[in-house]
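Working notes, structure below.
Chain letters run A, B, ... following the sequence lines, proteins first and then strands; every chain starts at 1. Computed over heavy atoms, backbone and side chain alike; hydrogens, waters and symmetry mates excluded.
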Amino acid sequence: MQIEKVYEPQRFEPHWAQWWIDSGIFRASGSPSGSAAGRVFSLVIPPPNVTGSLHIGHMLEHTEIDVTIRWHRMLGENTLWLPGTDHAGIATQMVVERKLAEEGIKRQDLGREEFEKRVWQWKQQYGDTIKRQMIRLGTSCDWSRERFTLDPGLSRAVREVFVRLYEKDLIYRGEYMVNWCPRCHTAISDLETVHSDVEGHLWHIRYPVNGMPGRYVTVATTRPETMLGDTAIAINAKDTRYLDLHGKTVQVPLMDREIPIILDDLADPEFGTGVVKVTPAHDANDFEMGRRHNLPKIQVIDDNGNMTAAAGRFAGLDRFQARKEVVAALEAGGQLVKVENYTLPLGRCDRCKTVVEPLISTQWFVKMKPLAEKAIAAVETGRIEFIPANWSKTYFEWMYNIRDWCISRQLWWGHRIPAWHCQECHEIVVAREEPKTCPRCASGRLVQDTDVLDTWFSSGLWPFSTLGWPDQTEDLATFYPTSLLITGFDILFFWVARMAMLGIEFMGEVPFRQVYIHGLVRDADKQKMSKSRGNVVDPLIVTEKYGTDAVRMALLQGAAPGTDIVLTEERMDTARAFANKIWNAARFLFLNMERSGVEPWVPDSLEQYRPESDPATLEVRIEDRWIFSRLNSTAELVNRAIEQYRYHEVAQVLWQFFWHEFCDWYLELKKMRFQENSGLTAGWRNTLAAFETALRLLHPAMPFLTEELWQRLAGGRTTRPLSIAIAPYPQYRQEMTDFEAEREVGVLQEIVTMARTLRTEAKLDPKQQLVGTVYARNSALEVAERHADAIQRLANVKLEFKNEAAPKAPAIRSTAQFDLVLEVPKSHEEAQRKRVGKDREQLVKNIANSERQLSDETFLSKAPPPVIESIRQKLTDYQTQLKKIDDAL
RNA sequence: GGGCUUGUAGCUCAGUUGGUUAGAGCGCCUGCUUCACACGCAGGAGGUCCACAGUUCGAGUCUGUGCAAGCCCACCA
């Protein structure tokens, strides 16, 4: 059997990825949004009893990346992750955005028809790239359709949900203040608006009061240009400063318009001058006030962010330019009282960072209160559980303060709203299929609403739409509700909360039982990875360089619950070293199999294997007993860690076991067992079974490498499972625990380590064989003697064994059980003495500490007996060792 | 303004229900190119667990206050 000297993941990873899909072992899934680069390396680990693997995809030549999970479908387990939803749409969207940017065109300049034509061309041009990507992601998409929208099954589900919500009166269309992005030319939801504090000004403007010559009111505003659209001035009824103004009107400076002074609680006497200008068309608060007082709405800024004709002489100016000119004009006219520096929160578009303009427009909304109530209850009653649990607090906070969700977008891709407007009678028809005639006036002139839905609307249907809903499919019956959702907190509201609400509403049951929230991946400077920051790790480059398994392992190591994951090249470097270590352990075994004439082999029953005894001695070799006992503990720890979502611990335990037990001790011990042309002996079967079990343990963490090695190890046998991915995951078996073997190997390890330390301290050549003696008056002596060969090999020390007390010697190391004395040249005695002196100091400290406690009456009466007992035991050990050291000195 | 999180070795972080010599990886120091692996092997140095107070026989761990850093939410001009 050939095994390459260098570990080259590129040679087998693509092969297995494709094979897993082709052979039906995995179905792929992905999160619906590919845009949040912070989730690029969303940590994906299989839930309990499910084997899975992470595959990192890459969209569109280094511009976008996403993660795909391939889950193994386990019969009877309600954990199935299905093809992602919107990947095709998102990929298209990205092509479009890129091309628009490249060619410097705006969508609105093209017109819808021309736009769609271009999109089609670009799609042809980039179709192969996208398609390749989709295949790699395992995502379905339908390329034969004329329109570039999404998966047809999903489109159907989206229409169905929309119609049902509309029928239940949970969707309405209305004129409201929305966050408008003048660049994207669309309304965006509250969640897509990001706030940041900016240094601004508070301009104090004087409005003359009509009928009261010389009387003015001064208002403070951060947006003077909106004063052009003022339709009232508000004061608090309780504000004694302005009692004389009740019922009066003021004159809007620069506009020469008369507006009323109204009384409203929103005017806070404590803030500014206590007087607020009211601009119902450009501020959410003012909009509400305008409703309460029936004020007219004057729109002075249009949807491009420019001043409208209503802005008088400022018409046509950009809104920021208009601000400057308005301020200048006010100043010239003496109406500007003063300017203060002021820090204010400014909303920007999440996508393009353009300052959001609050505008009145007609949009589609979902009523959230009724949906939220059920979703809150689901978490309160524990039907949905967050891990870590404190995320439920964040969830509640948002849910309790939820506002209606603006779902219409003026974008030109995505799912179009299934509503048709009658051109004759203006009736709005919401329907699953395009209506032929208007149900009210029978006119045939129906035009579909041009808006599309917020992408999260369709994403929110993911848990059931991917299972075939609205059809009552077998998948739906079997796999809804799913057991676990693994995701990042950055989309808790966008996605998780909405899946919860929509799932409960349409399925009558929660979409998932548990939500594991992992940290965001951050770069070396702890910055969130994002496209705009440009600090995104490119998975194609990184997986090419380190291997997918190594990247995955690096993520795993940093995946402690509740913390972010810092992904650095160093970490991936060491993870690759680990992968290489596994590879070379395999290489070592394969080379020796060849020498011994052993064919590829794995046990018939992976779950039932027990180490076999040597026909000559009728005993199981100690190292075999030991490694199976260690494998067993490792399986126990790993399984428990997975159940508790302690993924970093999974990584740590696997690492520790494979590197520092399997390689450092087991394989080293095995080196002296292998013989040329021995054939498949019991010892070989034990070795291969142990390695095979280790591979299965490692598989969820390092899927590609373990599949490759496992297939080579099994060498094409047909009775085995098709893939390591569907082989049983090692479980704890009580009968495999072998305390005796662990103790024996423990003694061996101690002696070897002690000998090595002594040797290094004495600065002796590793190649020079030393002579030493083990002194003990208990069973440790016999154990040591039995393993003299192994000790000699591992530490290069020839040992004698004496059942007596250790003599005074310079090079001595002691445990409570035994002492090891090495013969070293006199010149090195001083170094030894220093060393022993240091040990002694520590022992004296420990003894004092233990004695203090054991003489404390309160401690003895209050501490639990096992704790007291363990301290007594330790004290005895310390004292024994101290005595030995003192004797030696 | 409301909520959340973090502060442990030079760096990045573990440390489960409080139990007495606080761990890992990287980095650093020493020695080794030993026939699986220098992406390696062996050995080693390095920490007043942010500060103060409290609870307790016992605190890195629990409570409070303070200091420092970060994140999320929020319509007050």
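With A:K277 as reference, A:D230 is the one residue of A:D230, A:D283, A:D286, A:D264 to meet the salt bridge (Lys or Arg N to Asp or Glu O under 4.0 Å) rule.
Taking atom CE of residue A:M572 and atom C1' of nucleotide B:G25, one finds them 15 Å apart after rounding to whole Å. Going from atom CD1 of A:I360 over to atom C1' of B:C75 covers 14 Å, rounded to whole Å. Atom P of nucleotide B:G47 and atom CD of A:Q842 are separated by 13 Å, given to the nearest angstrom. As rounded to whole Å, 12 Å separates atom P of B:C37 from atom CD of A:E668.
Distance from the side chain of A:N584 is smallest for B:C37 among the nucleotides B:G15, B:U20, B:C37.
Looking at A:S189 and A:W405, their side chains never bring a donor and an acceptor atom within 3.5 Å of each other. Using modelled atom types and a 3.5 Å distance limit, the side chains of A:D877 and A:Q873 yield a donor-acceptor pair.
A distance of about 23 Å separates the C1' atoms of B:U5 and B:A9, rounded to the whole Å. Taking atom P on both nucleotides, B:G27 is separated from B:C41 by 13 Å, rounded to a whole Å. The separation of B:C32 from B:G19, taken at their P atoms, amounts to 43 Å, rounded to a whole angstrom. Rounded to whole Å, the separation between the P atoms of B:G66 and B:G3 comes to 14 Å. One P atom belongs to B:G18, the other to B:G25, and the distance between them is 28 Å to the nearest Å. Comparing the P positions of B:C39 and B:G46 gives an interatomic distance of 28 Å, to the nearest angstrom. Here, B:U20 and B:U61 have their C1' atoms 13 Å apart, quoted to the whole Å.
B:A53: Watson-Crick or G-U partner is B:U63, with both key distances under 3.5 Å. Base pairing annotation: B:A68 forms a Watson-Crick or G-U wobble pair with B:U6, both donor-acceptor distances under 3.5 Å. Across all strands shown, B:G47 remains unpaired; no Watson-Crick or G-U wobble contact has both distances below 3.5 Å.
You won't find any donor-acceptor pair under 3.5 Å spanning the side chain of A:N580 and the base of B:C37, going by distance alone. With hydrogens and angles ignored, no donor-acceptor pair under 3.5 angstrom links the side chain of A:K393 to the base of B:C4.
Residue A:K670 is classed as having no contact, given no heavy-atom separation below 4.0 Å to the nucleic acid.
Between A:Y546 and B:C39 there is no side-chain polar atom (N or O) within less than 4.0 angstrom of OP1 or OP2.
Remark: aromatic rings of A:F578 and A:W655 are close, center separation under 6.0 Å.
Figure legend: cation-pi geometry between A:K670 and A:F588 absent, as NZ or CZ is not positioned both under 6.0 Å from the six-membered ring centre and within 45° of its axis.
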